[in-house]
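What you see is a predicted model; the values in this text were computed from it and never measured. For reference, positions follow the sequence shown, starting with 1.
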Amino acid sequence: MQDTQIKVLLVEDDPAMRDVLHKALSQHKESYQCLVAKSGDEALDILGSHAVSLVISDVMMPGMSGLTLLKKIREKHPNTDVVLMTGYGSDRVREEAQTSGCNLFLEKPFRINDLQRCISEFLQRRSGGFDGTLSGIVLTDLIQMCCMATLSTSIRVTNGMETGFIHIHKGEIVHAGTDTVQGERAFYKIMSWGKGKFETLAPVYSVPKSIHSNWHSLLMEAARQEDEKQQAQDLQQPEEPLPAEADKAASPVRRILVVDDSLVMCNALLEIIESHSSMEVVSVARNGEQALEMMALHKPDCITLDVNMPVMGGSTALKHIMIKDPCPVVIISNVASDGWRNIMDFIMLGAADFLAKPKRAKDMDEQRQAIADRVFAASQAKLERFKRTRLPARQENQKQPAQTLPKKISLVCSGAGGHWELISLVSSMPQNAQSCMVFFQAMPSEFSRRLAAFLHEKSILPVFPLSDGTPLLAGCCYIGSSEQTGVFLRENDSLIWKENAAQQQEQGGALALALESATAVTNERVVLGLLSGADIADAAQTIDEGRGKFFVVSRRPQDCMVPEPLMQAIEADLVDMQEDMDGIRSILADA
């Protein structure tokens, strides 16, 4: 009679550990049979003669290591789940195990109950559903089916001597890897393979999240890259390229659509944008309805959008843009007393930046330059990295300020694409935060007061606007604008923020001034956090010369809507650490 009992194979060279684990796992004979191997070679022999559902193997073994055994199992028994155990874990070992298709990585010491629970979950997952094969299907179709069905699975792809894995968790692509690259680069490399084989495997639960774009964007980008590759091959030896085409290829220009119901403002923005050598205005629309028509016709790289317009306003237009054909949008409007909450809606919908319309009372040349630079930065935004954030409800149990001087100061800079990151960060700060946290967002100064009031309702920590004479307390957040110039001062046993326009001319600019003054009022290193679009070029010299006084932590560029300024800071060796949002939050709170 055929043996149909589920089998689990334990591979461990240490006799004492092997006996302990075998005894514990053999207590579940009604669920599965526990087989034992002393080495990788013995394990392969058992796998060749038994239908094993799950292998649990040590990593460090004489002869064949657990990593080598894993690779051989993936070659000969791809549908067998593999759990690796080690007491000598390292990032290299973990990365190699995950890249090779390890389903779970356990570091010793671990509790026997945890291992038993893992086995139970693996076997429970295997007990349901259908097994089978698919024919006449391409890799793109398989990925799309898995994502639409919100499945968790791993896909092994082979192309000659190359092997890659694509890991899907609950319908989202979370990681991809080949022998040489990881993350999105690996995904696009795998998708570029013109031929090969693929097979679905059990999901890998311990895989790191290296891909943050949604699966729609990933497949579209893969298709675009393939189209460009094909076009390049078709045009590999052009006869005589036209001079205009050669110039365009040498100097790509960002195409901007201007949307505003004021003819005067349209003409002003057209002049400002085209003063930038790398931008051109492809069309002008007077309301949201016209904007959608012009967008479909001209396919712009960026749209400047007014809020209040006839026929179709900016809010409705932005929703249509983000649903039909996502494109970076810069809101250019005035902050009316009753319109700031609309700006919040724009930001949460994915607007890349928000600027105030030029004002005659301010330096017009400076305003023109700022608008041109910010629109150009936003035109390079990567919208697939925008993650819509669900804000918490109004906080009824908000922590009260302790009225104590902060020992530590954290500064955070945020630019284009960073508004929603700042909102998410502040609203989720932990209640036990010890640092005084000051946020400088590239936004109109009048909007910073509105934003602080909005976040004060959402955050567990108290949130205040940063204004002249503001007392700074431990465990509180302060929202300022990059337009503000000031210093941190000790005054009458208090720490305050003091604005002084005359100091704006000092070398290094506003950020350098704030950093230097922060180090003068605390004995601790000042933490500088960088979010999407944060440009710290004006403070580069201050940071470089003040090594030891500052600790600079940046959001990972691959996670940002506008990564170029962060990449420049990293290349200039101004960044000490790159982290995700959770890591930055922890560092800022406990700085």
Would the distance check show the side chain of [X] and the main-chain N or O of [Y] forming a donor-acceptor pair, the cut-off being under 3.5 Å?
{"X": "Arg449", "Y": "Pro465", "answer": "no"}
{"X": "Arg555", "Y": "Asp559", "answer": "yes"}
{"X": "Glu274", "Y": "Val281", "answer": "yes"}
{"X": "Ser586", "Y": "Gly583", "answer": "no"}
{"X": "Thr404", "Y": "Ala474", "answer": "no"}
{"X": "Ser532", "Y": "Val562", "answer": "yes"}
{"X": "Thr522", "Y": "Thr519", "answer": "no"}
{"X": "Asp576", "Y": "Val552", "answer": "yes"}
{"X": "Asp353", "Y": "Val330", "answer": "no"}
{"X": "Ser517", "Y": "Ala514", "answer": "yes"}

Going by atom types alone, do [X] and [Y] pair a side-chain donor with an acceptor below 3.5 Å?
{"X": "Arg368", "Y": "Ser275", "result": "no"}
{"X": "Gln369", "Y": "Asp365", "result": "no"}
{"X": "Glu564", "Y": "Gln568", "result": "no"}
{"X": "Gln182", "Y": "Ser210", "result": "no"}
{"X": "Ser213", "Y": "Glu184", "result": "yes"}

Counting C-beta onward and ignoring hydrogens, is there a side-chain heavy-atom pair between [X] and [Y] closer than 4.5 Å?
{"X": "Phe551", "Y": "Val526", "answer": "no"}
{"X": "Met294", "Y": "Val284", "answer": "no"}
{"X": "Ile321", "Y": "Met295", "answer": "yes"}
{"X": "Ile143", "Y": "Met191", "answer": "yes"}
{"X": "Ile256", "Y": "Cys302", "answer": "yes"}
{"X": "Ser410", "Y": "Ser435", "answer": "yes"}
{"X": "Leu466", "Y": "Leu472", "answer": "yes"}
{"X": "Ile423", "Y": "Leu451", "answer": "yes"}

[X] side, atom [atom1]; [Y] side, atom [atom2] - distance, nearest 0.5 Å:
{"X": "Leu257", "Y": "Lys299", "atom1": "CG", "atom2": "NZ", "result": "12.0 Å"}
{"X": "His276", "Y": "Ile371", "atom1": "NE2", "atom2": "CD1", "result": "13.0 Å"}
{"X": "Ile536", "Y": "Phe440", "atom1": "CD1", "atom2": "CZ", "result": "14.0 Å"}
{"X": "His298", "Y": "Ser283", "atom1": "NE2", "atom2": "OG", "result": "4.0 Å"}
{"X": "Leu411", "Y": "Phe550", "atom1": "CG", "atom2": "CZ", "result": "9.0 Å"}
{"X": "Tyr478", "Y": "Ile409", "atom1": "OH", "atom2": "CD1", "result": "10.5 Å"}

Does CZ belonging to Arg556 count more than 12 external heavy atoms closer than 6.0 Å?
yes
More than 12 foreign heavy atoms under 6.0 Å from NZ of Lys549: is that the case here?
yes
For the pair Ile168 and Val174, evaluate side chain to side chain contact (heavy atoms under 4.5 Å, CB included) and give the outcome as yes or no after the intermediate values.
CA-CA 6 Å; Ile168 301 174; Val174 296; over 6 Å; no
Using every non-hydrogen atom in the two residues, find where [X] and [Y] come nearest and quote the distance to one decimal.
{"X": "Trp215", "Y": "Gly171", "result": "CD1-O, 3.4 Å"}
{"X": "Leu461", "Y": "Pro430", "result": "CD2-O, 3.5 Å"}
{"X": "Gln578", "Y": "Pro557", "result": "OE1-CD, 3.3 Å"}
{"X": "Ile584", "Y": "Ser554", "result": "CD1-C, 3.9 Å"}
{"X": "Gly314", "Y": "Met309", "result": "N-CE, 3.8 Å"}
{"X": "His419", "Y": "Ser414", "result": "N-OG, 4.1 Å"}

Aromatic ring proximity Phe447/Phe354, centre distance under 6.0 Å:
yes
Centroid separation under 6.0 Å, is that true for the rings of Trp497 and Phe488?
yes
Assess the residue pair Cys147 and Glu172 against the criterion (side chain to side chain contact (heavy atoms under 4.5 Å, CB included)); give the C-alpha distance rounded to whole Å, side-chain angles, the decisive distance to 0.1 Å, and a yes or no.
CA-CA 6 Å; Cys147 292; Glu172 287 297 335; over 6 Å; no
Side chain to side chain donor-acceptor pair (under 3.5 Å) assessment of Ser428 paired with Arg585:
CA-CA 8 Å; Ser428 59; Arg585 183 183 300 109; 2.8 Å; yes
Under the criterion side chain to side chain contact (heavy atoms under 4.5 Å, CB included), I'd like the reasoning laid out for Glu421 against Met581: C-alpha separation, chi angles, the key distance, then a yes or no.
CA-CA 8 Å; Glu421 293 179 5; Met581 289 290 279; 4.0 Å; yes
Taking it one step at a time, do Asp580 and Lys209 satisfy salt bridge (Lys or Arg N to Asp or Glu O under 4.0 Å)?
CA-CA 11 Å; Asp580 58 15; Lys209 186 173 177 64; over 6 Å; no
Kindly list each side-chain donor-acceptor pair under 3.5 angstrom involving residues 263-270, sequence neighbours excluded, with atom names and distances?
unit_1 : atom_1 : unit_2 : atom_2 : d
Asn267 : ND2    : Leu263 : O      : 3.3

Any salt bridge between Asp301 and Arg255, counting N to O under 4.0 Å?
no
Output, in order, the C-alpha distance, side-chain angles, deciding distance and verdict of side chain to side chain contact (heavy atoms under 4.5 Å, CB included) for Leu513 and Thr485.
CA-CA 8 Å; Leu513 193 63; Thr485 301; 3.8 Å; yes
